[in-house]
Amino acid sequence: EGETTKSSSSNGDVKAKENPLAGKKIALVMQQNLGTFSAQYIEGVKEQVENFGGTVTVFTSEGDLSKMASNLDAAVNQGVDGILIDHGTKESLNQGVENAVAKGIPVVAFDAGVEVEGVTSLEQGDEKMAQMTLEKLAEDSNGKANIVKIWVAGFAPMERRQVAYENFLGENPGIKEIATFGAATQNTALDTQSQMEAVLKQYPNKGEITAVWAAWDEFAKGAVRAIEQAGRTDIKVYSIDMSDEDLQMIQNENSPWVASAAVDPKDIGRIQVRYLYQKISGGNVEEKVVLEPVFVEASKLPKETVTTNELSDHIEGWGASDQGYTDELKGLEENR
Amino acid sequence: MLNPFLSMKAIDKSFGNVNALKNAEFELKKGEVHALLGVNGAGKSTLMKVLSGVYEQDVGEILLEGERIRIRSPKVAKDFGIYCVYQEVDTAIVAELSVAENILLDKIVAGSNMFISKKKLNREARNALKQLQVVNISVEIPAFMLSLAEKQLVLIARALVSSAKVIIFDEPTAPLSLNESTKLFSVIKKLKATGVGCIFISHRLPEVFEICDRMTVMAEGTLVGTYNTSETNQEEIVEAMLGTSYSKDFPARKHVLGNTLLRVKNISRGEKVRDISFQVSEGEIVGIVGLVGAGKTELAKTLFGYSPYTEGSMEILGNTLKIKHPKDAIKAGLVLIPEERRKEGLFVQESLRTNASFPNLQNFSRLLFMDKKKEKSFAKEIIERLQIKTSSTETPLVYLSGGNQQKVAIGKWTSLDSSLYLFDEPTKGVDIGAKTDIYRMIREFAEKGKGCLYFSSEIHEVLGISDRILVMYDGHIVKELSRKEATQERILLYASGGKEE
Amino acid sequence: MQAAVKRNKLQERGTNFLFKFGAIALLICIIIYFSSISDAFFTYANFTDILRSISIVTLLALGVTFTLVVGGFDLSVGSTMSLSTVVTASLMVWYEMPLWLVLIVPIVVGVLVGLLNSFLIVIIGIPDLLATLSTMYIVAGFHRTYTEGYSIYNNMPLTSGGTAPGQFSEAFLWIGQGRLLGLPVPVWIMLILVVVAYIVLNHTRWGRILYMTGGNEEAAILSGVNTRKVKFIAYIISGIFASLAGVLFTARVGSGQIDAGTPLLMEAVAAVFVGYSVLGIGKPNALGTFFGAAVIGILLNGLTILNLPYYAFDIIKGTVLVLALAATYVYAKKRFSRA
Amino acid sequence: MQAAVKRNKLQERGTNFLFKFGAIALLICIIIYFSSISDAFFTYANFTDILRSISIVTLLALGVTFTLVVGGFDLSVGSTMSLSTVVTASLMVWYEMPLWLVLIVPIVVGVLVGLLNSFLIVIIGIPDLLATLSTMYIVAGFHRTYTEGYSIYNNMPLTSGGTAPGQFSEAFLWIGQGRLLGLPVPVWIMLILVVVAYIVLNHTRWGRILYMTGGNEEAAILSGVNTRKVKFIAYIISGIFASLAGVLFTARVGSGQIDAGTPLLMEAVAAVFVGYSVLGIGKPNALGTFFGAAVIGILLNGLTILNLPYYAFDIIKGTVLVLALAATYVYAKKRFSRA
Ligand SMILES: Nc1ncnc2c1ncn2[C@@H]1O[C@H](COP(=O)(O)OP(=O)(O)OP(=O)(O)O)[C@@H](O)[C@H]1O
Ligand SMILES: Nc1ncnc2c1ncn2[C@@H]1O[C@H](COP(=O)(O)OP(=O)(O)OP(=O)(O)O)[C@@H](O)[C@H]1O
Ligand SMILES: [Mg+2]
Ligand SMILES: [Mg+2]
């Protein structure tokens, strides 16, 4: 399943013949494509590939891992020049990735847990993101807090966040987890909202809940809406990951959502593409790349609303990552 | 003489408060063709359903070769070798399966081998059909492609392959053409020769006399008598069937004919309504009579716009109309009381009140809102006027008896003041008391200057109520008879496709 | 004999009573039970919350009720609601349309979906469940294609560059989040629509025609009703209700979420069927539907107080649905066998 | 007259031919078209991959086929598959059961779901679609409650503390990921089950009895078939197929995902209905179901080549379903009017 974006400028085709890296067919195999985060991520991938003069086909799997595995097979069969993987599990993808590697197709995976030799894995610095937000939480509450954790098992990045979370709770006995839930469903934000509403009913009094720690922005969205609807804005929300939609919610007046640690989803897409092109051009690329997270605080944001495109003016390090560029790639981009 | 092969003694069967069978008797010898005769509702089908295990009798016993048997289910009946070719063939045909599979249905079900060889199946089925001298049916096509007559042949073949000892034919010739009937008779003769006993139900006396050895006549669920064909004649049988009481139901009626209300010219629709022309005047009751399957219901529905005619034209009070939907007919002053009242005429889950007001909702509502008081008073009015037995206007119709339901089905139209009423078998499944009420209602309509069309296969009813009689056969009107000209025998003759010399 | 008949009658009255008031009695028991466990349960604030939480489902369920009344079924209401949600949001955020257009266009969308459904069912002759299942698919595809996978929110960046010009207006958000005379606005909307649907179905000529079409289509045709037209209308009404649910959802949430309606479909269906048995009516009806939604809402609200994990809720919902269905059909069987 | 009849017959033959071979002709056209666009399409590797990708849906669809054959419908196959998925995974990962138990217990689970369905339908008398809808709910709730909402994977942390002791064995994973004689194992499993289902339905006594029950229940009863028992068996078979699909999914993916079956339900239903029209059979049949799944699989695989936006795929799936349904029911209408 997929979509291809053609390189938009016509002179790109002319140049394509000159540069060996131009005109490549790239497949992006995703587990889930709903939500603004994914949409922005796709946009980043497309932007970078187009800048390099290539085309992208997006394969989506509606959250179904077996479909994702089939899509990976289909991409390999179609003889693409490079494959990007977004999420998924080691068990379901390893075989397809091995197959791709055997056929000489370079693969770069993001948060997929794939463990195959010769494949570059991107991850977001999950431990660090968890730490950043939790430290901020502790700071805001002077080290004493009753928190609700929203987290789901079964995904590699979530596992890493969980490790950091447990370490942190061990070191900060003042922070107590009073409730925990979370499920990745077809409509995660909405389901989280109703669950959070239920939790709020269980703890109806002010001060019983100090803060919510959401290990994923889809969780945070639901939690924030539940808190706002209930008028319980004394409860603060800290989260990991941030899309443009989240940013708008953070900027709302009296928003309980005070901070999020994240990598710009567009940046993730762009960086992943750059590493893929390094591999296509035969460069030696490290097996594990950790993306530098950025900490976004509500208090650092300006009064007027900004989008993630303009966020770099206010938050240092946002959307401006140079990770993955080589001189050759820069040259390729400028030649177009 | 030999002992009877099969005998049914003192059988009673009732449904709720309807006594379908009262002390019914029947016996059959090996290798004979035995007719079972009687007017509609005499209990013929019910008796045969008892014999074939669809119903179990309330009282009475069945003996097979002198031994008492209990027939609890159709399966058991078949195990005893008793097969039935039902009046409604579709209940026993599986449309999706092939002809061969339908013929061998019982064998397949009762069989013990796991795999089924299509070749063998087809061969056996072809053999069975060959015995019936049927060669033009492919055994591999699905059964839904067959005509009614062919489906019937399949059912007969099914009985044949299971080496049945008794085969019941419940009005097998009703849907058949003359040619097809002749073929069937030669099959029956062959069956007879091989020692199979055949029970033959039919309303067509000539054919009964042609092929049957004996005949048993039933009336109102009881045995009237058994006759040897060689020792009786049609007059005696008709008298036995009808009894003598029918004319009492219909006191003579003075009637004044008004203007021509309805003029039907050369109307056709498909196979079942062919080139029909007639007219009805104000204050006239016209009977349309024909055997089961003659096309009466089809004609009634065509006139009413349910299945609009494709050729011809219709005039009401001199205006030519195109009726494409029942609502056009109703607007033009034409209403139909359909044959299948539960399926087509009434909303049985709803109350009498909502049923009664439905055809003319406009009349019972102010602006958009229903005026329940007005509905109720109308419901009360028809309960009183038609003497409907019900506990209240709010009782759902399921709780009413058939006759009372039928009165509602007729009464609901009275708020409309239509000029023409089509009654399709209005007394079907209705008890004697209610029947009389219904006749009275129809006559009242006529006296008020309405035109009435009375479709029925019960000849004595039509004779009693009509001013003029049209006889239908195979989708045509074959004869028009005035009240004076009409007799039971003449009608039966024309209705079964005969002609007077 | 006489005695036996009498006993039988008594027994019958017993079952009838149970069927008529059983559901209500059960509800009262549930409420008393939950109230005894938690002080927070039986409060005005909690009850208005419950009502607000069921308002969207109730609108969807009312639409389904109309199609059930004519003997059909509409499985596409969930995705129609999703489509309406994103259309509403896009009209505000992408195109800065005035409020009246923002409210009317989604309704037009609902009408179109209804037309598609009834075309497939009435003209082509596909059974209702299968036809609306396909529509569900198609509409879901459309709504994703329309938004290209994005949720729609204030000042979102556009794929064509720049940010979206519009914002959700206060007036619009008030529809989903405001209060009026002590009740949330969505509760008012729901109550008004329930009453309107109730009056239309039970007290007008149209309602009569709808019920009769569903009760016995053949008889309705032979009574002069154009049942095809009636079915068209019922599916269109269902589409409109689903659209209204979508508008309400958008106003409630303040953004155009993707796939908002999908999880609500089953709840709406459950509400309608629980509603069958209310007051022993034994057929789809507006008050029953509202009541059904309320029963489920109260049950879920109370169960959270009992600390039941969220994943067990589906079991409870399913069980309530099965019990409601069983009651309806066991009763129907009895009635038919008597007939 | 004669000439007109002849012309009519010819016309009829034309439509029959179209109906019989239309679907296959269409498929061939699609394949030729895609092959002309891309060299990668018409390759052995791509076709075995397509077959592997449809294997799970085909199993589900075979189950649905059996219930359709007896005139029912099973909407609960999706969640039965989900339940079987997590049960299979948990048996390995949590309880370290031997392989044979890991394969048998899910089947028992499928049988139980089938029993619940047929109890509701046959004994209580709830219409099939509504009954299986409720079951779908209940089973979905159970499978989440069982896993407490978590997916199950090798050495996962347990809520009770510690990590799970077990791992997916190589032998088990081979079922989903291995190859045998040049074909993936799931393809073998699918092909074998399709052939078995085909033989049972078309060449055995049981198959005839199943079709009989669905085609004309009354006639079947008159011929001495215990149709209640037959229906029980059909729903149980459906449950077993759904369970097998779940086992296969687990082996394919190497973990017990939550809600794995939900998105596959619609696809399975679509496959069955597309299959109705294959070779003009016009009734549910095993080969048709396989063919239907293949058409959808090939279409989706090929469409990626056409640069269609991914979010439009649902529209295509829905449209294919509608066309298949329309063909089936327009044909059915014609047949009925002939009869
Ligand atoms: N299932 C039933 N429930 C109630 N009454 C029934 C049932 N079956 C038959 N009857 C009634 O029993 C009586 C006898 O019906 P039966 O069908 O045996 O008549 P018949 O002689 O076969 O008539 P026909 O010539 O019209 O076929 C009728 O009054 C009929 O209404
Ligand atoms: N839908 C149908 N399919 C096949 N045959 C049909 C259909 N409808 C009617 N027939 C047949 O057409 C013929 C005429 O039917 P119709 O109902 O008009 O007869 P009728 O004279 O009213 O008989 P009855 O006394 O049974 O009401 C019958 O042989 C009937 O079996
Ligand atoms: Mg009879
Ligand atoms: Mg008739």
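Bear in mind that the values here come from a model prediction, so they are computed numbers and not experimental data. Per chain, numbering begins at 1; letters A, B, ... match sequence-line order. Basis for what follows: all heavy atoms, side chains included, without hydrogens, waters or symmetry-related copies.
Under a 4.0 Å N-O distance rule, the pair A/Lys67/D/Glu267 qualifies as a salt bridge.
For the set D/Val253, D/Asn46, D/Thr43, the count of heavy-atom pairs under 4.5 angstrom toward chain A peaks at D/Val253.
Rounding to the nearest 0.5 Å gives a distance of 7.5 Å between CD1 of D/Ile56 and OG of A/Ser70. For the atom pair CG of D/Asp49 and CG of A/Leu72, the computed distance is 9.5 Å after rounding to the nearest 0.5 Å. A distance of 12.0 Å separates OH of D/Tyr44 from CG of A/Asn77, quoted to the nearest 0.5 Å. Rounding to the nearest 0.5 Å gives a distance of 11.0 Å between OG1 of D/Thr250 and CG of A/Leu65.
The part of D/Leu264 that comes within reach of chain A is its side chain, from C-beta onward, which places non-hydrogen atoms under 4.5 angstrom from that chain.
With sequence neighbours excluded, the residues that form a ring pair (Phe, Tyr, Trp, His ring centres under 6.0 Å) with D/Trp94 are D/Tyr146.
When atom types are taken as modelled, the side chain of D/Gln177 and the backbone of A/Glu91 share a donor-acceptor pair closer than 3.5 angstrom.
In D/Phe142, the CZ atom is not crowded: 12 or fewer heavy atoms of neighbouring residues, nucleotides or ligands sit closer than 6.0 Å.
A/Ser92 is not listed as a side-chain neighbour of D/Gln257, based on a closest heavy-atom distance of 4.5 Å or more. Residues A/Asp73 and D/Ser53 are not in side-chain contact: their nearest non-hydrogen atoms beyond the backbone lie 4.5 Å or more apart.
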